[in-house]
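Naming: A, B, ... by sequence-line order, numbering from 1 per chain.
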Amino acid sequence: MTFKETRAQFRAKKVSAKELVQDSFKNINKHEELNIFISKFEDDAIAHAEHIDNNFSDFKDLPIGGIPIAHKDIFCTKGKKTTCASKMLESFVPPYDSTVTRNCYEAGSIMIGKTNMDEFAMGSSNETSFFGPVKNPWQKSLVPGGSSGGSAACIAAGITSISTGTDTGGSIRQPAALCGITGLKPTYGLISRWGMIAFCSSMDQAGPFAKDAFGCSALLDAMSSFDTKDSTCTKRQDKNFEASLVNDFGKLRIGVIKGIEDFGISESVLKAYENTKDVLQQMGHSFHELDFSELSSGICSYYVIAPAECSSNLSRFDGVKYGHRAKAENINDLYLISRSEGFGEEVQKRILIGTYVLSAGFYDAYYRKAQRVRRMIKSKFDKFFESVDLVFLPTTLDQAFKMNRESSDPNKMYKEDLLTIPANLAGLPAISFPNGFSNNLPIGAQFIGNYFTEDLILNTTNKFQEVTDWHKMTPS
Amino acid sequence: MDKIELKNLLFLARLGANEKDYLELIKKLENTLQLIDQMNEVDLEKFEPLNNPLELSNVSRADKENDRNAKRDFLDNSPRSDEDYFIVPKIVE
Amino acid sequence: MAQNDTLINGWQPVIGLEIHTQLLTNTKLFSPSINKFGEEANTLVDLIDMGLPGVLPVLNDGAVKQGIAFGLATNAEIAKTMVFDRKNYFYPDLPKGYQITQLHYPIVKNGSVDVDGKKIRIHQAHLEEDAGKSMHDIYDLESVVDLNRSGIPLLEIVSEPDISSSEEAVKYLKKIHQIITYLDISDGNMSQGSMRCDANVSLMRPEDTKLGTRAEIKNINSFKFVEKAINFEIKRQIKILESGAKVEQETRLYDSIKDETRSMRTKEFANDYRYFPCPDLVPYNISEDLIKEVKDSLSELPEEKQKRLIETYNLNEYDAAVLCAEKSIANFFEKVAENADALLAAKWIIGDLNALLNKNDIALSESKITTANFSVLIQKISDNTISGKIAKEVLEAIWESGEDVAKIIEDKGLQQISNESELEAIVDKIIDDNPSQVAAYKSGKDKLFGYFVGQVMKATQGKANPGLVNIILKNKLI
């Protein structure tokens, strides 16, 4: 069932919250081998559902009232283990809630568990998790994408109708594409980062997953709120995204990147991309070519800035106040051994890269230069949005790939983020939605919009999904 | 990057590695740095560094107290603590 | 730049100070937990001060205003835009593994203060968060961490290397202390660590154009130690330089017990703080309006207060300057002057009270002297209840016990004898007992008058009203 159907049934009292939770757990058990969850809260979720059923009138009009939800294990949940898929936080129990999970709770949803992910959100395949990789519900030998792989697989496997993720370089959109669902990375600053474990503070942004744009809209309404606890959160939550799905934004000018086929995109993805352009054209939208030859430099910039910020953000994990602590005789060993044991290989590698690019003598050559690239990318987009309403492009270069591919060429994994990273660097909202199918595997495409145009993005995606069926496909 | 540089880097990041793995680690890091170096192909002088995409300013709060101390919880989360303090191996100055 | 009177063995000391002052905000720089000293360990710690995962800092605008106030009081430039950076290093009392500070865009730049007619330039003053505290003496093999101090706002005031002697360094430090306490932005309490000082010391020959290599002496926690630490360091460097060796650029700790500086354990590798703009915070533009708001609410500065005391109480310039050296003393004076003779109060504060404070090396607030008991003391002197000599005794008694002035006078029977007939009887007895001296006096030995006064005082244990004794004696000895 889609979110829309689920909620309609709950509101019509055709199904109780408790039954929805029970259904979710039935599916969790069925898909145990996908390794989607790090924590499950069956008893708590049932109790919460009973409370909701007993107070039905208080919950029925809330945007996600009575609906089971899964949260990426990067969001702190008070009194409930929050691991970020790291040995470092294997037994960390935060004494506070993230704003995202709190907002979702207040909007009436029932948290059934915390989903698996790449360790500290660093990865594009979910293979860096300390708790083992998540498997793609479409084909178990393939990755679901990452870093929010668990949350995406959760939707694809039909366990919940909505889930939360975070997107720093594509961590919502890429797994959405690889799992055949819809996922939105909002404008940087629309959703509070309070209580969301930081990877790269200037790019991290939480966002919703659902099968379709409708579910994403309702969850976005619940997740977003102005939060004075996050200095980078902006007061721009005046829109009702679900309500604006019925708006008529008219015929849109859609930008496409000139020569996109030369960026190493696979045939199947390109074919779906072209087909979608046809559909959009039939819907009355027009296309405009954009010159974005510097697109690739986004990856360089990202792999400087994200490791730099991460090297600093992850310094707090030192074995002193919380988290993994090794046996050590002196303080330096305590740091060194705790951190070497607590962090996985990819995380350590990024910390080292980040430390390197910030160190004396390299700051200007790497960090400042990367910040200049960032400005260039942002000004590119600023210019684009003078003449177009949305930019349309594929989400990924290829479809879901086999596990353990990375070892052959690590840079290939990094380049995987080529098409998603620009939106993070510029802080722009972007959605990935299913737009094709090949080899029994889903394909995704993106709309990138101007700042705070989530309503337009969701509306356009929703209209596209009214005339297409890609988002309705489910793994057998 | 040579072994001494790597050693320094590991120390700054408080990470450990076996000396026998140094060369392999250096190779990995240099591989990533090569990817990064491609940004030198773009002329960037006219672009000022951008820290934060929205370029907000002046976010502050009033100087008012909000007590969220949870000493017990804080210390309980610590791998080693007593009634009052976080405990670490002796620091020698 | 060299001033010959500060040369030591032909070497010119070149000194710069970095002064850390904790600001007197209600809450911490980036968290809403209380900014206070001396509470139970780890009770003034917020999620943010703990550096828990996912928590975020939000700037306290109270600290911004206090920083602006300092800039205004030191004729400095107030930043149009200030930016916070992260300074990355590992230490158990630094919960996030980085300190949020200001490197390139500090709140205050290019100020100066006047120290005995010499201008000492302030390079910059920036806002940053304090670290927690590690303690090493609770357990044998382990150290403990208290995070109550973690996140308290600091203003770090960095001078140019304009200071030429340890004495001048102390004077400069006292000047800064005076300014921050007058502004009410810090209590400047060095023993509690709310004001701490690092000193950069190097030596050069007067004819040199380049500064010598400097050593940084960390965390000096009293005015006295600043002088001693710098003196030690100057001697140490002279010894090195005159042996033909080179001073090493390093950080040293001052050990006040051994009165020496020693090198902090040399790290295997140089520190590299990897500063970069803190992505959790946004730049802060300081508007003219905000500066005006701070200016309009600025507390009275020392010079202004001095001027006002001279006008209001008819004090001379010297007395007013001494009173105003410390805000707490000046305020104490004004409070006492509300209920007692101002000039007399000034005289007693500057003289006897100051002497007691210096002798015991404590602050007025830490003593048992209050404006209430001190006012009564001055009143008792004014109305001749006690003589000046007795007053000294009473002041010492209050200093010791803090007891009520009237009670001390009564208990000790220190009340001045101003009863004429009582004194006459005593004078009569002394005249009777000393016939030869009386005869000598009457024959012209005027100097003997003092002898008779002394005898009266002796007989009354100094309690006789001296004025009255003089009159009575003069009358009786005609």
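- There is no contact between C/Ser287 and chain B, counting heavy-atom distances below 4.5 Å.
- Between chain B and the options C/Pro92, C/Ala63, C/Ala41, the largest number of non-hydrogen pairs under 4.5 Å is found for C/Ala41.
- In this structure, the separation between OG on B/Ser60 and OH on C/Tyr284 is 4.5 Å, given to the nearest 0.5 Å.
- Heavy atoms closer than 4.5 Å to chain B are found nowhere in C/Met82, neither backbone nor side chain.
- Side-chain atoms of C/Leu59 and B/Arg61, non-hydrogen and from C-beta on, never get closer than 4.5 Å to each other.
- The contact between C/Leu29 and chain B is made entirely by backbone atoms, counting heavy-atom distances below 4.5 Å.
- Residues B/Arg68 and C/Ile48 have side chains in contact (heavy-atom distance under 4.5 Å, counting atoms from C-beta outward).
- For CD of B/Glu24, the number of neighbouring non-hydrogen atoms (other residues, nucleotides, ligands) closer than 6.0 Å is 12 at most.
- Between chain C and the residues B/Leu54, B/Leu56, B/Asn69, the largest count of heavy-atom pairs under 4.5 Å involves B/Asn69.
- Both the backbone and the side chain of C/Tyr139 come within less than 4.5 Å of a heavy atom in chain B.
- Applying side chain to side chain contact (heavy atoms under 4.5 Å, CB included) to B/Phe74 and the options C/Asn42, C/Thr43, C/Leu47, C/Asp46 leaves one that passes, C/Leu47.
- Across B/Asp63 and C/Asn26, no two heavy atoms sit closer than the pair OD2-N, 2.9 Å.
- The two residues B/Ile91 and C/Ser143 make their nearest non-hydrogen contact at N-OG, 2.8 Å.
- Counting non-hydrogen atoms of neighbouring residues, nucleotides and ligands closer than 6.0 angstrom, the CG atom of C/Asp140 reaches no more than 12 such neighbours.
- In terms of heavy-atom proximity, C/Glu40 sits nearest to B/Lys71 at OE2-NZ, 2.7 Å.
- Atom OH of B/Tyr85 and atom NZ of C/Lys133 lie 9.5 Å apart (nearest 0.5 Å).
- With a 4.5 angstrom heavy-atom cutoff, C/Asp93 does not touch chain B via any of its atoms.
- Chosen from B/Val88, B/Asp67, B/Asp84, the residue pairing most often with chain C at heavy-atom distances under 4.5 Å is B/Val88.
- For the atom pair CD1 of C/Ile138 and CG of B/Asp82, the computed distance is 7.0 Å after rounding to the nearest 0.5 Å.
- Counting heavy atoms from C-beta on, the side chains of B/Lys90 and C/Leu141 never come closer than 4.5 Å.
- Nearest heavy-atom pair across B/Asn52 and C/Pro279 is ND2-O, 3.2 Å.
- Considering NZ of C/Lys36 and CD of B/Glu65, their distance stands at 9.5 Å, rounded to 0.5 Å.
- When heavy atoms are compared at a cutoff of 4.5 Å, C/Lys28 approaches chain B solely by way of its backbone atoms N, CA, C and O.
- With respect to chain C, the highest number of heavy-atom pairs below 4.5 Å among B/Val59, B/Leu75, B/Asn66 belongs to B/Asn66.
- Taking a 6.0 Å sphere around OH of C/Tyr105, one finds it holds 12 or fewer heavy atoms contributed by other residues, nucleotides or ligands.
- Of the two parts of C/Pro277, only the side chain, counted from C-beta on, holds a non-hydrogen atom closer than 4.5 Å to a non-hydrogen atom of chain B.
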